[in-house]
Number of protein chains: 2
Amino acid sequence: MGLTKTEIFTEEQNALAIALKAMAHPARIAILQQIIKANACICGDLVDELGLAQATISQHLKELKNAGIIQGTIEGVSVCYCINPEVWSALQKQLSGFFNTYNLKPNCC
Amino acid sequence: MGLTKTEIFTEEQNALAIALKAMAHPARIAILQQIIKANACICGDLVDELGLAQATISQHLKELKNAGIIQGTIEGVSVCYCINPEVWSALQKQLSGFFNTYNLKPNCC
DNA sequence: TATATCGATTGCAATATTACGATTAATATT
DNA sequence: AATATTAATCGTAATATTGCAATCGATATA
């Protein structure tokens with residue numbers, strides 16, 4: 001046990017869950033906010049900005065990259081990260097679609 | 001270790017992470033979709049609909065309830081669950097705000 | 001070439017999550 | 001009262017996550 005039964009759910013349900021999970025950590029939300037705020041890409045600045053060890057930040061970046069939400073390119077010694085626009089807007093659409101399936105009805109219970 | 005350092009993040013970052021985490025599981029997404037689709041509230045029907053044990057569904061419902069996303073009222077022997085409209089729309093706003101802070105710029109890396 | 005810097009990876013410890021059988025508490029039904 | 005039904009909870013096992021020190025690989029600079 002301790003293993004999600006992905007086979008009993010739809011592709012969409014699994015995909016959405018994976019995307020949400022990738023963002024479901026304050027450090028990863030902070031990283032995304034920093035990347036967006038800095039507009040141009042940043043890299044090891046994240047280690048200074050957030051109060052986490054370099055190894056920990058690198059791990060969080062890896063998860064965001066695995067989920068496709070961000071992309072990184074090597075820039076000399078450092079690595080530059082930025083939002084993946086396609087994945088970002090796709091996720092945005094998917095999420096707003098999900099939330100919009102519920103149309104504010106009077107409390108039923 | 002193995003413990004998220006919530007103290008170094010803002011209230012908003014932590015709150016958003018908790019809400020996303022509550023939805024970041026295919027079973028909980030499926031539960032929310034069922035509750036929305038059934039319009040009127042449902043209960044143990046979820047156990048039949050999804051292929052998970054009663055104890056597991058109950059646990060997932062508890063997590064969604066803890067996050068405030070759903071609410072449940074006792075209805076005789078069974079329990080009726082439905083979306084919490086306030087929390088739902090608040091989360092919707094919060095998320096769309098988060099996604100909108102990024103305005104599709106040309107790939108920078 | 002030697003050294004410094006950056007960031008990924010490895011290995012480890014602590015804690016959290018997922019799932020389920022078994023049990024329990026509460027309300028219905030006979 | 002005895003039994004059935006519903007859903008929460010407990011206990012347990014397997015796996016995942018979080019975080020960091022230490023190390024490694026690659027590029028830059030002296």
Side-chain angles (χ1 to χ4, degrees), chain A residues 1-9 13-14 17-31 34-35 38 41-67 70-82 109, chain B residues 1-9 13-14 17-31 34-35 38 41-67 70-82 109:
Chain A
M1 316 266 125
L3 186 66
T4 300
K5 284 188 159 179
T6 53
E7 69 276 8
I8 68 171
F9 303 108
Q13 288 166 341
N14 286 316
I18 286 170
L20 290 176
K21 199 169 174 185
M23 301 197 305
H25 193 286
R28 294 196 286 272
I29 290 175
I31 286 173
Q34 260 299 312
I35 290 180
C41 324
I42 43 168
C43 51
D45 302 334
L46 290 164
V47 180
D48 304 325
E49 286 288 339
L50 318 179
L52 288 171
Q54 183 267 320
T56 309
I57 298 285
S58 185
Q59 219 170 241
H60 284 305
L61 286 169
K62 191 183 176 185
E63 277 184 70
L64 288 170
K65 206 163 52 172
N66 283 345
I70 62 171
Q71 52 197 189
T73 39
I74 298 162
E75 205 139 284
V77 194
S78 47
V79 174
C80 169
Y81 285 101
C82 64
C109 56
Chain B
M1 317 271 123
L3 187 66
T4 300
K5 284 188 157 180
T6 53
E7 70 277 7
I8 66 171
F9 303 107
Q13 288 166 341
N14 286 318
I18 287 171
L20 290 176
K21 200 170 173 183
M23 302 198 305
H25 192 286
R28 294 197 286 273
I29 289 174
I31 287 172
Q34 259 299 313
I35 291 181
C41 323
I42 42 167
C43 51
D45 302 334
L46 290 164
V47 179
D48 304 324
E49 286 288 340
L50 318 180
L52 289 171
Q54 183 268 320
T56 309
I57 298 285
S58 186
Q59 217 170 241
H60 284 306
L61 285 169
K62 191 182 175 187
E63 276 183 72
L64 287 170
K65 207 164 54 172
N66 282 346
I70 63 171
Q71 53 197 190
T73 40
I74 298 163
E75 205 138 285
V77 195
S78 47
V79 175
C80 169
Y81 285 100
C82 66
C109 56

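Chain letters run A, B, ... following the sequence lines, proteins first, then strands; residues in each count from 1.
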How long is the line joining [atom1] of [X] and [atom2] of [N], in whole Å?
X	N	atom1	atom2	value
L64(A)	dG7(C)	CG	C1'	16 Å
I8(B)	dG19(D)	CD1	C1'	10 Å
E49(A)	dG7(C)	CD	P	14 Å
I31(A)	dT18(D)	CD1	P	11 Å
L61(B)	dA8(D)	CG	C1'	11 Å
D45(B)	dT5(D)	CG	P	16 Å
L46(B)	dT6(D)	CG	P	13 Å
M23(A)	dT17(D)	CE	C1'	18 Å

For nucleotides 21-30 of chain D, give me one character per nucleotide, 5' to 3': B if any protein heavy atom sits under 4.0 Å from the base, S if the only such contacts are to the sugar-phosphate, - if neither. BB----SS--
If the cut-off is 4.0 Å, is S58(B) near the phosphate of dA8(D), judged by side-chain N/O to OP1 or OP2? yes
Examine dA8(C): is either OP1 or OP2 under 4.0 Å from a nitrogen or oxygen in the side chain of Y81(A)? Give yes or no. yes
So do T56(A) and L50(A) actually touch side chain to side chain, heavy atoms under 4.5 Å?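 Not in contact.
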Considering only heavy atoms from C-beta outward, does the side chain of I29(A) approach that of L20(B) to under 4.5 Å? yes
For [X] against [Y], the heavy-atom pair lying closest together:
X	Y	result
F9(A)	Q13(A)	CB-OE1, 3.4 Å
H60(B)	I31(B)	CB-CD1, 3.7 Å
P26(B)	T4(A)	CG-CG2, 3.7 Å
Y81(B)	L61(B)	CE1-CD1, 3.5 Å
A27(A)	L52(A)	CB-CD1, 3.8 Å

Starting at the 5' end of DNA chain C, which residue's closest nucleotide do you reach first, K65(A) or F9(A)?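 Result of the comparison: K65(A).
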Measure all distances between protein nitrogen or oxygen atoms and nitrogen or oxygen atoms of nucleotides 15-18 of chain C, and list the pairs falling under 3.5 Å.
unit_1  : atom_1 : unit_2 : atom_2 : d
dT15(C) : O4'    : M1(B)  : O      : 3.3
dT17(C) : OP1    : K21(B) : NZ     : 3.2
dT18(C) : OP2    : R28(B) : NH1    : 3.2
dT18(C) : O2     : G2(A)  : N      : 2.6

Donor-acceptor pair, distance only, cut-off 3.5 Å: does the side chain of R28(A) make one with the backbone of K21(A)? yes
For dT30(C), which nucleotide in any strand shown is its Watson-Crick or wobble partner with both distances under 3.5 Å?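 Pairing partner, where one exists within any strand: dA1(D).
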Applying a 4.0 Å non-hydrogen cut-off, can you work out what I57(B) is touching in the nucleic acid: base, sugar-phosphate, or nothing? nothing
Tell me if the CD1 atom of I74(A) is crowded by more than 12 foreign heavy atoms within 6.0 Å.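 At most 12 heavy atoms, drawn from other residues, nucleotides or ligands, come within 6.0 Å of this atom.
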